[in-house]
Amino acid sequence: RVSGSNEVLSTLVKGLLFGFAEGDKDKKNVERKKRQEDSHSQCKLLVKALIELLLSFEDTRDHKEDDGKQLVAILATLGVFAQTFPELVVPHVDTLVPYLKGDNGVKRYEPAVVSQVSSMISGASTHFSSGELNRLTSGELPTDLVNICYKFPSEAVTSAVEALAKLANHPDAVSNSVQEKKLLKLATQFYSYLLKTKDVTNDFSSMKKSVRDNVRRALAALGSICRFYESTGAADDHTLDSSVFVIETDIAKLQLSNLSNAAFALFLRYLSKEDASTKCLALRAMNGVFISRPRVVLVAEQMGIITSVIGDEAPPSVQIESLRCWRDILISEEKRIDSGAAKAKMEAQKDVTLSKRIGGDQDGDSTISGSVLTKHSERLYALTLSKDEKVRHMIIDLIGHLLRQGLINPMETVPHLLSVLGDVKCPSTRSLALKLLQNEGEKRPDMLRQRICAGIKQAFHFQRNVYSGSNNGSAKVTALIAKSDGPKDGWETIFDAVIKESAIRNKKAQRQGLLKGIISLFENDPGVKSSNAEQLPMLAFASEILGNLTYTSLSDPLFIVYHSSCIAALDGQGVLSQFAELLGGDVCDPNSEEDDIEKLTIQGKFDAAALGLEAKGAEFGQLCVEAARILPLLKLKQFLRKAYNISEARVTSYVPSEKELIHEKGISIADGPPFSFTMTSIIDANGNINWSNATKIYSLFRRMMRDAEADDVHVDPEPTKSPKRTAKRKRGGSDQVEESPKVSPD
């Protein structure tokens, strides 16, 4: 009643009744069996108590509108047990059936009431005896289920159709039974209506509300019948042809055995309508055919239906509905295999060979939908960059199911999940992606370290594309979000949460591997002649992540400072020498003091023409790009030393392979603004140099390189301890000792 979701309770009941994946060790079998028997007895008592509570509620209720909330809560709790162990509900069916009348005095909650009861009847129907089935179907139960389809919204219609179809497919049901006749009549009426209105308009959004509601109801009911009714005909051929899907215009020829083909052709007609709402309804109806007949998915793929509903041309609502349909297909196939229904269906078919029975080929068709979806994996990844936040949330949900079922490559998927952590305006999508990353981290601890570079690049491009219109046409890319926990308000990086929950945090080697992976983005690629100016904003983004990650040991910022110094010393000096060669400076000592360009830039009087640099603009601009690649590391080194109060002597003495010192653990960053670095554009869209920005980069780079060299020369003195004089015993067992040689302080 409080949460509105039965997922947690359903998982708990299933674990109690069937075990929590405890293994199959023989010594535990007896104990496990006894626990399950006890749990079954307790669940049986709970169901009985819930029925008593339901009866007590009916006796004492005030018949107010708010009573519906409690009634739905009781029925939903019963539904958990009916879903997990339907036999528990069978003795109490007579108590539940009257609620299907739809006159329970709770107008606002009436659809939820009839939907819950229909679902319980559906689950319990397979456990009805022949006598129980005849007694219920000869009464008002089939009529009540049909009436629900005409009176209530599509969710209730789906549940009612499922219950009626399960009763019609019961093993003890006679041919041409009452429930089967009711189902056929229902299908015929809705099919006739859709057939009559298919050519009325090409845009149902312009039609009056009653027509739109009837079309919605007809599509929902017909799609549910195709999904839940199992025809006794032969299974689809391996080479199913699209020519079998033809609209049947003679209603007299329509039977439950040929309904699926004719209905699918009709659904295609409604999918081609212009308005998005009708497309979504048609997709939902077609999904019933896909679930009951997986090979039809291959036909849909050949016809280009799947490509069209998830393509860029499709409206966001259609994309969302198509992704939701795929998720439902994957979930239903998984349940069908895990529950044993697929094996039971295979064994019931007479035309299945013995080799298939022995090989367990009951799940052969279940892989079709997943394999077709895997072909569109690139498009699914592209949908994570959708500007519609509902599309992004739905695609991450679908990717989670694909990962769990092993249908997509985790190495390829993790960078896209890391990128969604940058979805700062949609916390629900971020939390879902974080949960998936945590699951992958538990199975593959090295995954985050191996894919962090690709994740940072993808996160940068995610924000640049998704939020491109949020700031006067220019994307505001940020690596920071408000802290989600902790005693102090502040900021954290978009990757803090996943690192905090992973095993990396407590392992120095893996932490250093992660940091080294990020730092490697700034290194000069030996296979590339020059750096790309378009990558500079991404490097600024990466430096913000390095500067604002939560570090708990001083060895982490020291590791970053160490490698930043190495890159600056190697690549930075090379860039300074190339500047000197280009500008005619001292190649032996290219950065001893301020040059003319720096002075003029500070004074705001720089003129490229006056200095004769216009002809050298391309070379000068490219060298500024190289300097801008190193500049974030110089700023980052300066920030980390100040934020964590690191002395130059400690920086000089640090060795990456040294053990972590106890007194350097448990550190925290000093109060102050977070690290940020804004990268200005050096080359414009036409490929011309922006002299103002380029000279500022040039001046800042030279100044910071001089400061870094000065820090390396002037090391803060640390107090030295006089060496202890130790005594060493002479070899040969002599009792005499010799003093260790004195060590000079110099």
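One-based numbering along the sequence shown.
- The shortest non-hydrogen separation linking E248 to D250 is OE2-N, 3.2 Å.
- Separation of atoms NE2 (H401) and CD1 (I329) is listed at 12.5 Å; rounding is to 0.5 Å.
- For the atom pair CD (E87) and SG (C43), the distance works out to 12.0 Å, reported to the nearest 0.5 Å.
- In this structure, CD1 on I310 lies 12.5 Å from CD1 on I305, to the nearest 0.5 angstrom.
- Aromatic ring pairs are classed by plane angle as parallel below 30°, tilted from 30° to 60° and perpendicular above 60°; the pair H40 and F85 is perpendicular.
- Separating the CG atom in L407 from the OG1 atom in T374 is a distance of 5.0 Å, to the nearest 0.5 Å.
- Here the side chains of I395 and I320 are not in contact, with every heavy-atom distance at 4.5 Å or above.
- In this structure, F245 has its ring center no closer than 6.0 Å to that of F267.
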In sequence, state the C-alpha distance, the side-chain angles, and the governing distance for I306 and V297, and then conclude on side-chain contact (heavy atoms from CB on, under 4.5 Å). CA-CA 9 Å; I306 299 172; V297 176; 4.2 Å; yes

Go through the steps for D275 and S277 under the test side chain to side chain donor-acceptor pair (under 3.5 Å), then give the verdict. CA-CA 6 Å; D275 58 305; S277 59; 3.2 Å; yes

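- No donor-acceptor distance shorter than 3.5 angstrom exists from the side chain of N214 to the backbone of V211, with no hydrogens or angles considered.
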Side chain to side chain donor-acceptor pair (under 3.5 Å) for Y229 and S257? Distances and angles first, verdict last. CA-CA 9 Å; Y229 181 78; S257 57; over 6 Å; no

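- The backbone N or O of G68 sits nowhere less than 3.5 Å from a side-chain atom of R108 that would complete a donor-acceptor pair.
- Side chain of D397 to main chain of H393: no donor-acceptor pair is present (N/O by atom type, distance under 3.5 Å, no hydrogens or angles).
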So L183 and L167, side-chain contact (heavy atoms from CB on, under 4.5 Å) or not? Walk me through it. CA-CA 10 Å; L183 191 65; L167 292 172; over 6 Å; no

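- Side chain to side chain, N104 and R61 fail the donor-acceptor criterion of an N or O pair below 3.5 Å.
- With contacts defined as side-chain heavy-atom distances shorter than 4.5 Å, the pair L75/M120 qualifies.
- Between R217 and I148, the shortest heavy-atom distance links the atoms NH1-O, 4.4 Å.
- Within the 3.5 Å criterion, the main-chain N or O of K273 finds no donor-acceptor partner in the side chain of N202.
- Using a 4.5 Å heavy-atom threshold, the side chains of Q319 and V309 count as separate.
- Here K209 pairs with D213 in a salt bridge; the nearest charged N to carboxylate O distance falls below 4.0 Å.
- When each of S115, S224, S118, S122 is paired with S159, the side-chain hydrogen bond (donor to acceptor under 3.5 Å, both in side chains) condition holds for S115 and for no other.
- Salt-bridge check for K48 with E52: failed, with every basic side-chain N at 4.0 Å or more from each acidic carboxylate O.
- Applying the 6.0 Å contact sphere to NZ of K253 captures no more than 12 heavy atoms from other residues, nucleotides or ligands.
- Two residues are said to be in side-chain contact when any heavy atoms from C-beta on lie closer than 4.5 Å; L100 and V113 fail this criterion.
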May I have the step-by-step check of side chain to side chain donor-acceptor pair (under 3.5 Å) for Y99 and E58, ending in yes or no? CA-CA 11 Å; Y99 287 98; E58 291 294 348; 2.7 Å; yes

Would E110 and K107 count as a salt bridge (charged side-chain N to carboxylate O under 4.0 Å, His left out) if you check the C-alpha gap in whole Å, the side-chain angles of each, and the deciding distance to 0.1 Å? CA-CA 5 Å; E110 210 69 71; K107 185 175 181 181; over 6 Å; no

Could you go step by step and tell me if M394 and R327 meet the side-chain contact (heavy atoms from CB on, under 4.5 Å) rule? CA-CA 9 Å; M394 197 65 236; R327 182 199 62 185; 3.5 Å; yes

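- E301 has a carboxylate O that lies under 4.0 Å from a charged side-chain N of K375, or vice versa, which qualifies the two as a salt bridge.
- Checking S205 against D203 by side-chain atom types alone, a donor-acceptor pair falls below 3.5 Å.
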For the pair R293 and S260, evaluate side chain to side chain donor-acceptor pair (under 3.5 Å) and give the outcome as yes or no after the intermediate values. CA-CA 9 Å; R293 302 169 61 190; S260 182; 2.8 Å; yes

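- The pair D199-R269 counts as a salt bridge, with a side-chain nitrogen and a carboxylate oxygen less than 4.0 angstrom apart.
- The closest donor-acceptor contact from the side chain of Y270 to the backbone of L194 lies under 3.5 Å.
- If you check the side chains of K166 and T126, you find no donor sitting under 3.5 Å from an acceptor.
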L283 vs F290, side-chain contact (heavy atoms from CB on, under 4.5 Å): CA-CA, chis, key distance, verdict: CA-CA 10 Å; L283 265 176; F290 292 151; 5.6 Å; no

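- At a threshold of 4.5 Å between non-hydrogen side-chain atoms, the residues L184 and L254 do not count as touching.
- A distance-only check finds no donor-acceptor pair linking the side chain of T84 to the backbone of F81 [under 3.5 Å].
- Taking CZ of F190 as the start and CG of L259 as the end, the distance is 12.5 Å to the nearest 0.5 Å.
- Salt bridge annotation for E334-R404: present, with a cationic side-chain nitrogen under 4.0 angstrom from a carboxylate oxygen.
- In the displayed structure, K198 atom NZ is contacted under 6.0 Å by more than 12 heavy atoms of other residues, nucleotides or ligands.
- Atoms CE and NZ, on M286 and K279 in that order, are 11.0 Å from each other to the nearest 0.5 Å.
- Between R135 and E132, at least one side-chain nitrogen of the basic residue sits less than 4.0 Å from a carboxylate oxygen of the acidic one, meeting the salt-bridge criterion.
- The backbone N or O of F128 sits less than 3.5 Å from a side-chain atom of H170, completing a donor-acceptor pair.
- Counting heavy atoms from C-beta on, the side chains of L219 and R284 never come closer than 4.5 Å.
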